[in-house]
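Whatever order the structure lists them in is the order used to number ligands and atoms, beginning at 1. Values below: every heavy atom of this structure, side chains too, minus hydrogens, waters and symmetry copies.
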Amino acid sequence: MFGLGDNKPKAWKKLETEYKRFKNVQMRDLFKNDEKRAQKYTLKLKDMFLDYSKNRFDEKVMENLIALAEECKLEEKIKDMFDGVKINNTENRSVLHIALRNRSKRPIFSDEKNVMPQIKEVLKKIKSFSDAVRFGDFVGYTGKKLTNIVNIGIGGSDLGPVMVCEALRKYWAKDINCYFISNIDGTACAEVLNKVDPETTLFIVASKTFTTIETLTNAKTCRKWLVNALGEHAVDKHFVALSTNKAEVEKFGINPENMFEFWSFVGGRYSLWSAIGLIISIAVGYENFEKLLEGAYTMDEHFRTTEFDKNMPVIMALLGIWYNNFFDVNRYAVIAYDQYLQYLPAYLQQLDMESNGKSVDKNNEFVKYATGPVLFGGAGTNVQHSFFQLLHQGTKMVPTDFIIPAISHNELGNHHQILMSNVLAQGEALMWGKTVKEAAEELKKAGKTTAEIEALKKYKSFAGNRPSNTILFKKIDPFSLGMLIALYEHKVFVQGIIWNINSFDQMGVELGKQMALNILPELEGNAFGVTHDSSTLSLIKQIKKFRK
Ligand code: F6P
């Protein structure tokens with residue numbers, strides 16, 4: 001199999017040379033020298049508009065980046081994913097979240113079996129159950145309407161649903177409230193249980209494996225709370241499970257008829273399109289859930305069929321590679337200028353960092369180049385008043401994605417105009433900067449003395465030349481949100497292909513889980529493991545002292 005290993009692709013070597021040519025080029029000059037730069041480097045798909053012109057590249061760089069994608073056989077690899085080839089090599093699995101939103105009649109195969117009929121079957125079940133809850137046909141044990149929906153899950157079984165539910169809050173049924181219990185910290189459970197009434201609460205236990213300690217512990221606590229209030233017979237009316245593991249669901253004490261199935265070809269962090277999206281469908285209605293799938297499908301088709309130089313996920317991925325592997329900038333920020341998208345960065349952290357935080361390639365060799373970047377972010381304008389100082393004047397360049405809808409769901413006074421002026425200003429300021437000379441001139445105009453100008457001009461200067469993408473939507477609705485999420489999924493996929501890593505396993509989360517299982521009995525009893533380092537041992541002892 002092809003790998004970057006010691007035999008780097010030809011395009012990689014060319015890009016190393018390109019970097020030397022390009023590293024000091026100023027985006028200011030690129031814009032000054034080419035009036036059409038913005039026009040050239042924008043892409044539109046339905047009501048989504050991607051402006052990637054404020055990036056440090058020119059035509060030649062992009063040509064070489066695309067050559068790199070071609071040399072890494074990206075086209076073939078995309079086809080492999082859509083054809084159900086087992087690209088998750090360490091787990092010997094197909095990767096078919098794209099099948100969950102396949103709106104065409106095209107069959108999709110895994111292990112020579114068309115997976116579409118089973119997917120459609122579960123979608124039907126999601127529709128009828130969410131309709132039944134929303135319209136009061138499926139009610140609680142005492143006959144009351146279920147209006148409090150509690151999703152118990154963690155990682156991919158939480159972050160996708162919570163992010164989408166929040167993003168689509170405006171679409172929620174008026175009488176329905178959604179809650180999410182994820183953390184093993186009892187506080188997460190207690191805070192939700194304090195707010196809801198057992199008679200009107202539906203618990204959705206979401207776990208692909210149904211073995212995750214956090215989810216099972218939280219689910220047990222909630223089950224006990226319900227049984228204490230309404231008795232054992234009430235469980236069937238208040239608990240459903242979303243899982244690939246029927247045996248464990250039954251063992252836990254949830255009626256298998258109340259189970260919504262999904263399959264091992266759906267990765268946890270790619271699962272919100274599956275039964276894991278049940279809470280979304282209950283909150284916003286199945287028709288809107290379908291629109292979310294349609295949005296993702298539109299991006300899938302764009303990704304699958306568009307040439308690389310006009311392909312949004314490919315372009316974003318390649319620019320990410322350019323910074324990560326040539327500028328040595330292993331980080332990026334995603335800032336959503338929409339309060340309803342406040343959980344998007346947390347969702348993307350799992351998507352990107354759990355997928356591409358890898359150091360062994362698909363040839364079973366340790367990599368000798370940087371792979372997945374560190375991703376952070378938040379909601380604008382809030383974050384302008386926290387970490388943006390570093391983005392503008394720190395010593396580290398942080399490529400940034402800005403996400404903004406042109407129309408807000410809450411057009412109060414001129415709030416949205418102010419919000420939009422801010423996001424545009426941030427992109428412009430990061431790119432343009434302010435030279436020391438410009439800062440001095442500005443101070444002079446403001447009537448400062450020569451001494452004052454000398455004292456302040458450097459502090460008031462901005463290096464600029466800091467890259468950003470702007471993803472502009474008409475409005476955040478189920479369809480556009482589906483497109484946005486799929487855009488990032490495919491971006492992460494492309495980068496995994498170029499780094500020749502498996503983006504679909506997550507073995508790095510196992511060691512800590514294993515060690516926690518060893519430490520637990522030591523905290524609960526008097527036993528002490530002999531294998532701990534002295535720091536861990538002393539922390540265990542100190543915790544026990546505090547708890548005495
Ligand atoms: O610990 C990581 C992880 O396996 C994630 O990949 C996954 O999304 C999460 O745990 C939850 O897993 P499950 O859905 O099986 O409970």
Side-chain angles (χ1 to χ4, degrees), residues 87-97 100 122 126 150-165 180-185 188-189 203-223 239-254 259-280 343-358 372 375 485 488-489 492-493 496 501-517 519-520:
I87 58 174
N88 176 350
N89 59 305
T90 51
E91 295 175 324
N92 194 30
R93 288 176 184 165
S94 311
V95 172
L96 287 179
H97 47 283
L100 301 168
V122 174
I126 292 176
V150 181
N151 191 80
I152 307 172
I154 198 162
S157 301
D158 167 69
L159 290 163
V162 76
M163 181 273 287
V164 173
C165 282
F180 295 84
I181 301 176
S182 153
N183 201 340
I184 188 63
D185 183 347
C189 222
F203 292 98
I204 300 178
V205 187
S207 175
K208 179 175 170 180
T209 54
F210 231 77
T211 55
T212 306
I213 193 163
E214 291 91 337
T215 301
L216 292 190
T217 309
N218 282 324
K220 261 183 218 151
T221 302
C222 292
R223 195 180 188 285
F239 269 83
V240 298
L242 322 173
S243 188
T244 58
N245 192 344
K246 200 168 172 187
E248 286 298 324
V249 168
E250 257 183 289
K251 208 162 107 194
F252 178 84
I254 294 180
M259 171 176 157
F260 295 72
E261 194 190 4
F262 65 111
W263 310 273
S264 63
F265 56 73
V266 179
R269 53 194 172 275
Y270 299 87
S271 64
L272 70 91
W273 323 98
S274 71
I276 291 292
L278 182 66
I279 190 167
I280 304 170
Y343 298 130
L344 182 70
Y347 166 79
L348 293 177
Q349 273 177 335
Q350 187 200 16
L351 174 66
D352 200 326
M353 293 162 83
E354 202 173 79
S355 296
N356 285 344
K358 310 283 164 66
L375 188 166
I485 303 168
Y488 278 98
E489 283 180 349
V492 165
F493 171 84
I501 52 177
N502 178 10
S503 303
F504 301 102
D505 63 8
Q506 56 284 322
M507 299 194 184
V509 300
E510 293 307 323
L511 181 60
K513 281 188 197 172
Q514 242 173 42
M515 288 189 167
L517 287 180
I519 293 174
L520 183 62

Query - Atoms of ligand 1, numbered as shown, that sit under 4.0 Å from any heavy atom of T212 - result: 12 (O), 13 (P), 15 (O), 16 (O)
Query raised in the report: Between F239 and F203, what is the ring plane arrangement, given parallel below 30°, perpendicular above 60°, and tilted in between?
Result: parallel
**Report entry** Side-chain touch D352/V492, heavy atoms, less than 4.5 angstrom
**Finding:** yes
**Report entry** Which residue and heavy atom of the protein sit nearest atom 15 (O) of ligand 1, plus the separation
**Finding:** T209 OG1, 2.6 Å
**Report entry** Point-to-point distance, once rounded to the nearest 0.5 Å, from CG of N356 to CE of M353
**Finding:** 11.0 Å
Query raised in the report: Can you list the ligand 1 atoms lying under 4.0 Å from a non-hydrogen atom of V509?
Result: 1 (O), 2 (C)
Query raised in the report: Do V164 and I485 pass the side-chain contact (heavy atoms from CB on, under 4.5 Å) test, and can you show the C-alpha distance, the side-chain angles, and the key distance before you say yes or no?
Result: CA-CA 10 Å; V164 173; I485 303 168; 3.8 Å; yes
Report task. Would you check whether E214 reaches within less than 4.0 Å of ligand 1, judged by its heavy atoms? Result -> no
Report summary line: min-distance protein heavy atom vs atom 1 (O) of ligand 1 -> K513 NZ, 3.2 Å
Report summary line: Interatomic distance, CZ@R269 vs CD@Q350, rounded to 0.5 Å, equals 6.5 Å
Report summary line: With heavy atoms and a 4.0 Å threshold, my read on which part of Q506 contacts ligand 1 is side chain
Report task. Please examine the side chains of V122 and F262, heavy atoms only from C-beta on, and report whether any two atoms are closer than 4.5 Å. Result -> no
**Report entry** Gap between atom CD of Q514 and atom CD1 of I519 - 0.5 Å precision
**Finding:** 11.5 Å
Report summary line: The protein heavy atom nearest to atom 11 (C) of ligand 1 is I154 O, 3.2 Å
Report summary line: In this structure, atom 3 (C) of ligand 1 is nearest to the protein heavy atom E354 OE2, 4.3 Å
**Report entry** Atoms in ligand 1 with a heavy atom of G155 nearer than 4.0 Å
**Finding:** 8 (O)
Report summary line: Nearest heavy atom to atom 7 (C) of ligand 1, choosing from G267, G156, S243, belongs to G156
**Report entry** contact_flag E510 ligand 1 heavy-atom lt 4.0 Å
**Finding:** no
Query - Backbone N/O of E214 and side chain of T212: donor-acceptor pair under 3.5 Å - result: no
**Report entry** T215, any N or O under 3.5 Å of ligand 1 N or O
**Finding:** no
